[in-house]
S.K.: 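I am attaching a structure below and will ask some questions about it afterwards.
In what follows, residues are counted from 1 in the order of the sequence shown.
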Amino acid sequence: MAGKKKAAIIALANQKGGVAKTTSVSSLGAAFAELGLTVLLVDLDAQACLTFSLGIDPDAVETSVHEVLLGQCEASEAVLKVSESVDLIPATIDLAGAEAALLTRPGREFVLQSALEEVRRDYDVILLDCSPSLGVLTLGALTASTGLIIPMPCEMLSHRGVGQLLDTVRDVRKLLNKKLKVVGILPTMYDGRARHSKEVLGDVGERYDLPVLSPPIPRTVRFAEAPAIGRSVLETAGSSKGAMAYREVAESLLPVVQA
Ligand code: ADP
Ligand code: MG
């Protein structure tokens, strides 16, 4: 059921590691699929955590996003099926070399955008799992995207760096991709019992003048278990608080995705 419309492309980026970018990509992907959408996930981190967490051994992958970015194959040739409505363009450790290889290429920020054009009508939504840096790969992701979601744990310290990310977004909009919209901050690892968490949540949207997606994703050990099984938390603990929260966030994003 290939949609005729071009897929929305949403990057999940934050140059800090461990903020739940990868967890949010696999969980929102599964939630969108439950809502009847066709989904493509793209692993843009050489650590290949998304690939691994979806049950694929990165060492056994032959054609990955690395080859796509270097123009050695089409995006469609790297696509793997992970569930009925969710596909993945996997990463391998080779991606660590892509950054350097792209540095000498003119128009390097546009390489991902142009590669995804080929598959954009095959999906309703494409989610990009960014690496914890603001390097060439993340710039390429922001250039390819229609929307940006910034996952952020509800702790004070994580605030640092958001300003820098937003400066980058401003530059990307000016120079590379006028269409990029910040969809919002996605509060993760929320502990409803901690006053601290509530304060951060109350303050963050105002401070950055950005929408805050709702509900916040609760902190639960269920998220640690899912990747080992090779499935998202929606499949391993479908009625857990965390799974329910991602479902609600995905539903709230439908207008963005279907715009
Ligand atoms: P990133 O991609 O930003 O580096 P990950 O998605 O890999 O972050 O998450 C980092 C770690 O935090 C992982 O071990 C993951 O299982 C865990 N985690 C993610 N979300 C939650 C949550 N809501 N509650 C508890 N642990 C979480
Ligand atoms: Mg990650």
S.K.: Counting N and O atoms only, with roles assigned by atom type, does the side chain of Ser240 sit under 3.5 Å from a partner on the main chain of Ala237, one being a donor and the other an acceptor?
M.R.: yes

S.K.: Is Val39 close to Leu28 at the side-chain level, that is, under 4.5 Å between some pair of heavy atoms?
M.R.: no

S.K.: So which of Leu166, Leu186, Val19 actually passes side-chain contact (heavy atoms from CB on, under 4.5 Å) with Ile150?
M.R.: Leu166

S.K.: Lys5 and Gln258: which non-hydrogen atoms are nearest, and at how many Å?
M.R.: NZ-O, 2.7 Å

S.K.: Output the distance between atom OG (Ser131) and atom CG (Asn14), rounded to the nearest 0.5 Å.
M.R.: 11.0 Å

S.K.: Kindly say whether Asp124 contributes a backbone atom to a donor-acceptor pair with the side chain of Thr38 at under 3.5 angstrom?
M.R.: yes

S.K.: Taking only residues two or more places apart in sequence or in another chain, which ones pass salt bridge (charged side-chain N to carboxylate O under 4.0 Å, His left out) with Glu117?
M.R.: Lys6, Arg120

S.K.: Keeping Glu67 on the side-chain end and Ser64 on the backbone end, is there a donor-acceptor pair under 3.5 Å?
M.R.: yes

S.K.: Are side-chain N/O atoms of Ser76 and Glu118 paired as donor and acceptor at under 3.5 Å?
M.R.: yes

S.K.: Can you sort out the partners of Gln72 under side chain to side chain donor-acceptor pair (under 3.5 Å), two or more places apart, ordered by chain and number?
M.R.: none

S.K.: Can you name the ring-ring contact (aromatic ring centres under 6.0 Å, His included) partners of Phe223, sequence neighbours left out?
M.R.: Tyr246

S.K.: Following the transitive rule for hydrophobic clusters with a side-chain heavy-atom cut-off under 4.5 Å over Ile, Leu, Val, Met, Phe, Trp and Tyr, establish whether Ile93 and Leu69 coincide in one cluster.
M.R.: no

S.K.: Just by modelled atom types, is the Leu103 backbone N or O under 3.5 Å from a matching donor or acceptor in the Arg108 side chain?
M.R.: yes

S.K.: With Thr22, which residues qualify under side chain to side chain donor-acceptor pair (under 3.5 Å), at least two apart?
M.R.: Asp129

S.K.: State yes or no: do Leu128 and Leu102 share one hydrophobic cluster built from I, L, V, M, F, W and Y residues joined by side-chain heavy-atom distances below 4.5 Å, directly or via other members?
M.R.: yes

S.K.: When you measure from the side chain of Glu77 to the backbone of Glu74, do you find a donor-acceptor pair of N or O atoms at a distance under 3.5 Å?
M.R.: yes

S.K.: For Leu180, what residues pass the side chain to side chain contact (heavy atoms under 4.5 Å, CB included) criterion, not counting sequence neighbours?
M.R.: Leu142, Ser145, Leu148, Val169, Val172, Arg173, Asn177

S.K.: Just grab all the salt bridge (charged side-chain N to carboxylate O under 4.0 Å, His left out) pairs involving residues 28-51, residues at least two apart or on different chains.
M.R.: Glu34-Arg247

S.K.: For the residue pair Val233 and Thr23, establish whether any side-chain heavy-atom pair is separated by less than 4.5 Å.
M.R.: no

S.K.: Could you tell me whether the side chain of Leu40 reaches within less than 4.5 Å of the side chain of Leu127, counting heavy atoms only?
M.R.: no

S.K.: What's the spacing between Ile217 CD1 and Met189 CE if we round to 0.5 Å?
M.R.: 10.5 Å

S.K.: When clusters are formed by joining ILVMFWY residues with side-chain heavy atoms under 4.5 Å apart, either directly or through shared neighbours, do Val212 and Ile10 land in the same one?
M.R.: no

S.K.: Just by modelled atom types, is the Pro218 backbone N or O under 3.5 Å from a matching donor or acceptor in the Lys241 side chain?
M.R.: no

S.K.: Should we count NZ of Lys81 as having more than 12 external heavy atoms under 6.0 Å?
M.R.: yes

S.K.: Donor-acceptor pair, distance only, cut-off 3.5 Å: does the side chain of Glu235 make one with the backbone of Ser232?
M.R.: yes

S.K.: If we only count heavy atoms from C-beta on, is the Leu95 to Leu137 side-chain gap below 4.5 Å?
M.R.: yes

S.K.: Distance from Ser239 atom OG to Arg222 atom CZ, nearest 0.5 Å?
M.R.: 8.0 Å

S.K.: Does the side chain of Leu134 reach to within under 4.5 Å of the side chain of Gln164, using non-hydrogen atoms?
M.R.: yes

S.K.: Answer yes if Val136 and Leu112 sit in the same cluster of Ile, Leu, Val, Met, Phe, Trp and Tyr residues linked by side chain heavy atoms under 4.5 Å apart, and no otherwise.
M.R.: yes

S.K.: Can you check whether Thr143 reaches Val111 side chain to side chain, under 4.5 Å on heavy atoms?
M.R.: no

S.K.: Should Leu116 and Tyr123 count as side-chain neighbours, where that means a heavy-atom distance under 4.5 Å?
M.R.: no

S.K.: Closer than 3.5 angstrom, by distance alone: can the side chain of Thr220 be matched with the main-chain N or O of Gly242 as a donor-acceptor pair?
M.R.: no

S.K.: Give a yes or no on whether Val249 and Leu234 share a hydrophobic cluster (residues Ile, Leu, Val, Met, Phe, Trp, Tyr; joining criterion: side-chain heavy atoms under 4.5 Å apart).
M.R.: yes

S.K.: Please report the shortest heavy-atom distance between Val86 and Ala33, naming the atom on each side.
M.R.: CG2-CB, 3.7 Å

S.K.: Does Thr51 reach the main-chain N or O of Ala91 with its side chain, forming a donor-acceptor pair under 3.5 Å?
M.R.: yes

S.K.: Using atom types as modelled and distance alone, determine if a side-chain donor or acceptor of Gln15 lies under 3.5 Å from a backbone N or O of Gly161.
M.R.: yes

S.K.: Can you measure from CG (Leu54) to CG (Leu50) and round to the nearest 0.5 angstrom?
M.R.: 4.5 Å

S.K.: What is the distance from atom CZ of Phe52 to atom OG1 of Thr92, rounded to the nearest 0.5 Å?
M.R.: 15.0 Å

S.K.: Are any non-hydrogen side-chain atoms of Val183 and Leu253 less than 4.5 angstrom apart?
M.R.: yes

S.K.: Please name the residue in the list Val42, Leu12, Leu44, Ile149 that meets the side-chain contact (heavy atoms from CB on, under 4.5 Å) test with Val25.
M.R.: Leu12

